[in-house]
Amino acid sequence: MNYAVALVPGDGIGPEVVLQATAVLDALGDRYGHVFNYVELEAGGKALDTAGEPLPKSALEAARQCDALLLGAVGGPQWDTLPGHLRPEQALLGLRAGLGVFANLRPASLLPQLRAACPLKDEVLIAGNPTGQAGFDLLIVRELTGGLYFGKRGRNNDNTVAFDTETYSRQEIERVLRTAYRAAMTRGKKLCVVDKANVLESSRLWREVAAIVSEDYPAVETSYMYVDNCAMQLIRAPGRFDVIVTSNLFGDILSDEASVLTGSIGMLPSASLGSPDDPAAKHGHPMGIYEPIHGSAPDIAGKDIANPLGAILSGALMLRYSFGLEKEAAAVEAAVNSVLDAGLRTRDIAGLNAPSIENPERIVGTRDMGDAVLKALEM
Ligand code: NAD
């Protein structure tokens with residue numbers, strides 16, 4: 001099968017890590033009989049330098065023609081003094097709006113090879129974990145285009161009062177819930193709706209809609225939790241969660257909390273998905289923007305030391321969610337796991353576990369880490 005992948009390498013370490021991600025996708029394609037046709041686009045700082053705007057219309061139009069978009073990172077100090085509408089980050093907002101993505105998926109799991117990166121004690125990691133092991137493997141699905149960040153806001157005439165509004169329609173809630181249920185079906189089949197329904201009317205609407213949508217997914221066990229309790233449970237028993245679905249504001253906060261439990265920012269992928277029913281969706285799967293959660297890391301750009309695993313794992317999410325290639329996605333994840341097992345570390349994830357005698361830790365650069373994942377895929 002042929003897939004068109006829009007590619008925004010972006011700024012700073014973006015191009016370095018995206019290069020490794022596409023190399024892994026190509027190797028996987030050779031092995032499983034898929035072809036990934038890349039359409040490279042300029043957006044972010046690079047587009048500001050060449051076209052004078054962070055997201056040229058032509059780039060967005062070209063992205064819309066593709067099946068999915070893989071992005072490195074945008075931004076850097078050289079563009080920091082530009083006015084708001086000319087900041088590289090505007091490209092991200094424009095791409096999200098233009099591609100109709102509304103659900104942000106952030107997986108967070110504790111890899112045993114990086115155990116020491118997690119500040120939690122073993123007993124906390126075992127509590128509530130159905131595997132009985134010290135660890136967790138959860139997915140936070142955050143509503144991305146509604147709620148408090150997009151609601152009516154303002155100040156009164158004498159500037160003594162300010163307000164922001166949390167507004168959600170049934171349709172906005174339903175589509176993100178369905179995305180979360182579909183994800184839960186590919187995982188542990190547990191979904192926790194996180195809200196503040198004891199106080200907020202919008203949260204009560206979330207519960208009403210969830211009660212209806214849940215009937216379409218009888219195989220998934222649905223539960224509800226207040227956000228303040230969820231913030232505590234994430235550091236008291238993270239292993240009890242499979243998929244968490246929540247609003248824009250709560251998801252913003254909880255996904256950062258969860259990422260701190262996993263160690264390096266360089267390891268974590270993300271996906272932002274639209275609806276499989278959208279006309280832009282191809283292959284019966286949603287259009288998605290896939291990117292590591294880290295930024296452009298200008299402090300380490302061009303030094304061949306950035307961790308490419310977050311970008312490589314973002315490629316795996318693209319295979320899973322936009323192309324429905326679960327086996328291939330799992331193969332990439334297994335390859336990453338095996339290079340970590342073999343002791344390979346980029347600098348940011350070095351020294352996080354007691355060295356193993358069979359596989360002593362070996363510090364490698366961006367390219368060598370990518371090559372090691374390629375080799376592991378071939379085995
Ligand atoms: P950052 O994520 O770029 O860097 C934070 C720290 O983590 C730095 O010390 C960096 O060296 C390190 N780091 C990040 N990714 C790494 C990797 N793959 N391997 C090893 N170390 C890594 O965050 P920042 O410094 O706050 O932002 C830098 C620029 O990136 C800013 O212009 C910001 O606006 C932009 N940014 C872009 C995105 C995006 O494109 N989605 C997200 C966040 C920040």
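Counting starts at 1 for both ligands and their atoms, in listed order. Computed from a predicted model, the values in this text were never measured in an experiment.
Residue pairs that meet the salt bridge (charged side-chain N to carboxylate O under 4.0 Å, His left out) test with at least one member in residues 340-349, sequence neighbours left out, are Arg345-Glu361.
A salt bridge does not link Lys375 with Asp368: every distance from a Lys NZ or Arg NE/NH1/NH2 to an Asp or Glu carboxylate oxygen is 4.0 Å or more.
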Worksheet entry | Full working for side chain to side chain donor-acceptor pair (under 3.5 Å) between Glu166 and Asn248 | CA-CA 10 Å; Glu166 174 91 341; Asn248 204 340; over 6 Å; no

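Using bins of under 30°, 30° to 60° and over 60° for the plane-to-plane angle, the ring pair His34/Phe36 lands in the tilted bin.
Annotation for Asn157: atom CG does not count as buried by contact number, only 12 or fewer foreign heavy atoms lying within 6.0 Å.
Rounded to the nearest 0.5 Å, atoms OG1 (Thr222) and NZ (Lys190) are 12.0 Å apart.
Protein residues having at least one heavy atom under 4.0 Å from any atom of ligand 1 are Ile13, Ala73, Val74, Gly75, Gly76, Glu89, Leu92, Ile265, Gly266, Glu291, His294, Gly295, Ser296, Ala297, Pro298, Asp299, Ile300, Ala306, Asn307, Asp348, listed by chain and number.
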